Amino acid sequence: MPMINADGCLLNVSVEGRDGGPTLMLSNSLGSTMQMWEPQMKALTQVFRVIRYDRRGHGKSSVPPGPYSLERFGRDVLAILDDLNIARTHWCGLSMGGMVGQWLGANAPDRFGKIILSNTTCHYPDPTRWHDRIKAVKEGGIAAVADTVIAGWLTADFREREPQIAANMKAMMLTTPVEGYIACCEALSTLDQRELLPKIKSPTLVIAGRHDMSTTVADAEFMRSRIPGASMTLLDAAHISNVEQPHAFTDAVIGFLTQR
Ligand SMILES: O=C(O)CC1=CCC(=O)O1
């Protein structure tokens, strides 16, 4: 796996899949790594050359001092594409990955074919939840918030049905460096990309989880209504819908990206 330098930050990047196929870049959520895309990888790599990476402050990427910003996250992605000599790619980002996708769609339109924004929002009107989370993590580490966050990631039904998957997701979250997690929460506390949405000209699919309390169906509907020509798919899932509904999620992604 290459480590790619983005303005001094080493980003852990993986490239797999069909040589010569269309390129698809996947972008993870807060507190996860590129591993979150495992349920999709077998199917996606048969169609696409798939690029995954760990966002700065996460996984095996380095953890420069924060706070970070959506622009910084977007420029990290452009550094990866430049390093790999990739002129244009499709994009699928979940939660923070979808926020980065909004920034890229508006600020680097020539680099993106189709864009998928899953379980995400463009704006947090009240930063309190992020201030509270930062305080809790500073005092008690990621473990202090892990169970609450997991309850938002996956429905209670799913956690009961698939306890091992829920445990794996929690274990992944607990590996997140505290400084990286906090620096990302700081970026989220000021998130307001409402004015970027009409600037996104790529064909865009918004995916929402019917039971997602973190980034709601109303948040998704707002984005769909502001992005020219965007469509929306609703899944029977909470926040991490690609894990809770792996087949429906994968079908939605491949269906949208391969339709003419
Ligand atoms: O961590 C959460 O509670 C949900 C979330 C918001 C942005 C993100 O990436 O995950």
Side-chain angles (χ1 to χ4, degrees), residues 25-37 52-59 61 66-70 72-74 76-77 91-104 116-138 140-156 158-159 166 169-178 180-193 206-220 222-223 235 237-244 249:
M25 191 157 185
L26 303 175
S27 183
N28 56 297
S29 67
L30 173 68
S32 72
T33 70
M34 65 167 81
Q35 292 301 318
M36 71 170 279
W37 298 108
R52 294 187 283 173
Y53 71 105
D54 293 332
R55 176 167 302 107
R56 61 173 58 213
H58 284 70
S61 291
Y68 305 157
S69 67
L70 265 297
R72 181 63 267 166
F73 298 137
D76 288 349
V77 170
W91 178 268
C92 175
L94 190 144
S95 200
M96 276 190 92
M99 297 166 197
V100 180
Q102 295 163 43
W103 189 92
L104 289 165
I116 299 173
L117 308 174
S118 183
N119 300 81
T120 191
T121 187
C122 60
H123 181 216
Y124 287 112
D126 178 5
T128 312
R129 79 166 96 171
W130 297 113
H131 296 157
D132 291 350
R133 192 167 313 176
I134 290 166
K135 183 167 179 289
V137 171
K138 275 185 180 161
I142 308 285
V145 300
D147 286 330
T148 308
V149 173
I150 288 286
W153 278 12
L154 305 165
T155 61
F158 181 85
R159 282 179 278 128
M169 296 295 284
K170 181 174 172 182
M172 176 177 66
M173 188 194 307
L174 289 172
T175 66
T176 313
V178 164
Y181 192 90
I182 288 173
C184 286
C185 290
E186 283 166 343
L188 293 178
S189 72
T190 58
L191 180 79
D192 187 355
Q193 300 196 126
V206 176
I207 298 178
R210 203 170 268 125
H211 311 289
D212 188 348
M213 297 300 148
S214 176
T215 53
T216 63
V217 174
D219 294 329
F222 181 85
M223 290 186 296
L235 298 181
H239 191 58
I240 308 290
S241 64
N242 74 303
V243 169
E244 184 151 359
F249 188 97

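Atoms within each ligand, like the ligands themselves, are counted from 1 in listed order. All values below come from the heavy atoms of this structure, side chains included, with hydrogens, waters and symmetry mates left out. Because the structure is a prediction, the values reported are computed rather than measured.
- Shown in contact with Arg133 at under 4.0 Å from a heavy atom are these atoms of ligand 1, numbered in order with element: 1 (O), 2 (C), 3 (O).
- Between the side chains of Ser189 and Tyr124, no donor-acceptor pair is found at a separation under 3.5 Å.
- In terms of protein heavy-atom proximity, atom 4 (C) of ligand 1 is nearest to Ser214 OG, 3.2 Å.
- Every heavy atom of Gly152 sits 4.0 Å or more from the atoms of ligand 1.
- Not counting sequence neighbours, the partners of Thr215 by the side chain to side chain donor-acceptor pair (under 3.5 Å) test are Asp212, His239.
- Residues Arg55 and Ser27 bring a donor and an acceptor atom of their side chains to less than 3.5 Å of each other.
- Summary of contacts: the protein heavy atom closest to atom 10 (O) of ligand 1 is Ser95 OG, 2.9 Å.
- If you look at Arg129 next to ligand 1, there are no close heavy atoms at all, none under 4.0 Å.
- When heavy-atom distances to ligand 1 are checked against a 4.0 Å cut-off, Val149 comes that close only through its side chain, counted from C-beta outward.
- Every atom of ligand 1 is numbered from 1 in the order shown, and the set under 4.0 Å from a heavy atom of Tyr124 is 6 (C), 7 (C).
- Residue contact check: Trp130 has heavy atoms under 4.0 Å from atoms 6 (C) of ligand 1.
- Remark: Asp147 CG to Met173 CE distance equals 8.5 Å, nearest 0.5 Å.
- Residues Leu191 and Trp130 form no side-chain contact, since every pair of their non-hydrogen atoms from C-beta on lies 4.5 Å or further apart.
- Taking every non-hydrogen atom of Met96 and a distance limit under 4.0 Å, the qualifying atoms of ligand 1 come out as 8 (C), 9 (O).
- Contact annotation: the side chain of Val77 approaches that of Trp91 to within less than 4.5 Å [non-hydrogen atoms, C-beta and beyond].
- Under a 3.5 Å cut-off, the side chain of Asn28 and the backbone N or O of Met34 do not form any donor-acceptor pair.
- Those atoms of ligand 1 with a heavy atom of Ser29 less than 4.0 angstrom away are 9 (O).
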